[in-house]
Colleague: 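Here it is: the structure, laid out below.
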Amino acid sequence: MEAAQKAMLRQYPNTGASPYPKTGPIYALSRFLFLPGFRLTPWPLRRRMMRLFLLRRIPPWPAQASARKGGDRP
Amino acid sequence: MTRIVVIGGGAAGTGAATMALQYDRSSSVTLITEFEDIAYSPCGIPYVFGREIDKFDGLFLQPLSYYREMGLTLETSTVVTRIDMQRRVVHAKERSFPFDKLVLCTGWEYEPPQVPGLDLPGVVFIKNIRRAMELDKQLDRVHRAVVYKAKPLGLELITALPHRGIETHLVDEAPWLLSDFADPDMMKPVQDSLEGLGVKMHQGATLQGFAAKDGLLSAVQTSDGEIPCDMAFLCTTMKPATELARSIGVRTGSTGACVVDDHMRTNVPDVYSAGACVEVMHGLLNIPVQLLPGSFAYPMGKLAGINAAGGDRSYQPVYVPWAIIGGKVQVGGALVSETIAKAMGMPYIIGRATGITAARYYPTHEKMHVKLLAEPHSHRVLGAQFSGGDGVKERADFMAFAIRKQTTLEELATMENVYSPPIGALNEPIALAAQAALREVSQK
């Protein structure tokens with residue numbers, strides 16, 4: 001049964017117990033370091049971290065490709 | 001005149017005693033219980049704690065006088081010390097009860113965890129309704145409670161206690177709620193709902209002990225750290241209470257419960273047994289199951305009582321429909337779950353669907369997630385699970401019967417259903433799940 005339960009947790013991730021221990025200095029600091037407790041991170045820090053990791057400047061279209069197609073509009 | 005003695009006053013014992021008397025009015029039926037009361041629902045206790053049920057009175061089937069007027073001899077607060085099978089006498093302290101037929105309905109008992117601090121005031125077990133009445137008064141002073149183990153009773157407690165404004169923590173080594181017979185994907189909505197109610201879940205945490213301050217419980221010690229609390233409810237593993245049965249040579253099986261045949265007879269002549277202390281066969285898995293709830297214990301007890309009084313009734317193998325409310329989500333099903341199928345090495349295919357419980361334009365409609373398991377070649381349905389809104393219980397009952405009748409996915413895919421806007425949608429979610437399974441099979 002234990003083997004089957006482990007297999008089920010692999011098959012259905014994020015349905016079981018939290019994989020990390022909730023004790024110790026790392027857990028205490030993770031509230032502020034966004035590691036790995038996303039929901040525990042205060043939202044201003046969470047927003048700054050998300051913008052840092054996920055937002056990228058949109059690359060400009062190549063000027064020649066844009067000119068051949070007559071601009072950006074179809 | 002047949003003298004029938006029934007030991008145990010729960011659902012099985014009460015059913016056995018009343019039906020034995022109804023079957024043979026000339027028999028003398030004595031019911032012996034160690035508690036002050038008989039015939040009440042311990043499963044309802046959490047709902048009184050949570051104030052969803054007003055009073056404990058509602059949990060009693062009937063008052064004691066009802067059974068006495070019926071002709072039963074009730075011996076409450078009487079502990080059986082030994083049974084003399086030679087002389088056919090049940091001995092209690094200073095009393096003895098001769099019998100011709102004996103029905104053992106001794107129920108279950110908790111297996112306390114082996115941790116320090118178990119006898120601290122504030123560390124409680126839920127079983128006896130009188131004790132529950134005392135605890136209910138103490139709950140007014142409880143701000144934080146810990147429930148150990150999300151067995152069905154534990155799940156009811158963590159749903160009910162937040163209603164009373166008590167900060168509730170669940171500690172359970174199991175990887176998810178009801179992991180013995182439910183799948184994690186179907187229990188996830190329940191977990192989310194409970195967390196939404198403010199329940200703090202400490203799953204995967206091991207109970208290590210109980211801390212005290214001034215002689216009273218102050219915290220529960222777990223591998224996740226200490227959880228300060230005023231009361232700890234231990235809904236630990238239950239085991240069938242078979243000490244009396246074993247003392248007279250009743251055989252117990254692989255589950256530890258008494259072995260009975262389809263007439264509830266044990267291997268000892270003229271001794272019957274029923275309820276949580278017996279094991280019965282699962283109709284599909286062909287393995288014994290035990291500790292079944294009241295809806296099984298009561299008919300088992302009635303059948304044992306009838307047969308003890310001279311009847312000839314037989315009990316069918318079980319298919320175990322189950323359902324419970326966790327948080328605001330109803331969840332239920334009929335065995336076999338995907339986890340159990342994996343554990344037993346049974347091949348299966350899955351059909352999933354999400355339907356609705358009423359017409360989509362009706363304001364109270366809710367989602368109904370369905371998961372069906374079926375045998376890959378014959379498409380015979382092996383199990384089902386549901387989670388969502390109203391109707392889980394009815395669907396679980398229906399699927400247990402359908403599995404008993406060896407229903408196939410094809411039959412479910414074309415099942416008829418009620419369409420009535422407040423109570424039934426156009427498409428039955430079970431049919432949708434069966435259709436999804438067949439579609440997947442045809443595409444392979």
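Naming convention: chains lettered A, B, ... in sequence-line order (proteins, then strands); numbering from 1 in each chain. FYI, side chains are in, hydrogens and waters are out, and symmetry mates aren't considered; it's all heavy atoms of this structure.
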Colleague: Could you look at B:Lys188 and say if it's the side chain, the backbone, both or neither that has a heavy atom under 4.5 Å from chain A?
Modeller: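 It is the side chain, since no backbone atom gets that close.
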Colleague: Is chain B contacted by the side chain of A:Glu2, its backbone, both, or neither, given a heavy-atom distance below 4.5 Å?
Modeller: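 No part of it gets close to chain B.
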Colleague: Mind checking the OH-CE spacing from A:Tyr12 to B:Met186? Nearest 0.5 Å is all I need.
Modeller: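 Atom-to-atom, A:Tyr12:OH and B:Met186:CE are 9.5 Å apart.
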Colleague: Indicate yes or no for a side-chain donor-acceptor contact from A:Gln5 to the backbone of B:Pro175 under 3.5 Å, with no hydrogens or angles considered.
Modeller: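 A pair under 3.5 Å: no.
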Colleague: Is the shortest heavy-atom distance from the side chain of A:Met1 to the side chain of B:Thr339 under 4.5 Å?
Modeller: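 They are in contact (side-chain heavy atoms under 4.5 Å apart), so the answer is yes.
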Colleague: Please identify, among B:Asp172, B:Ile340, B:Leu177, B:Asp185, the residue contributing the most non-hydrogen atom pairs under 4.5 Å to chain A.
Modeller: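 Most pairs with chain A among the choices: B:Asp185.
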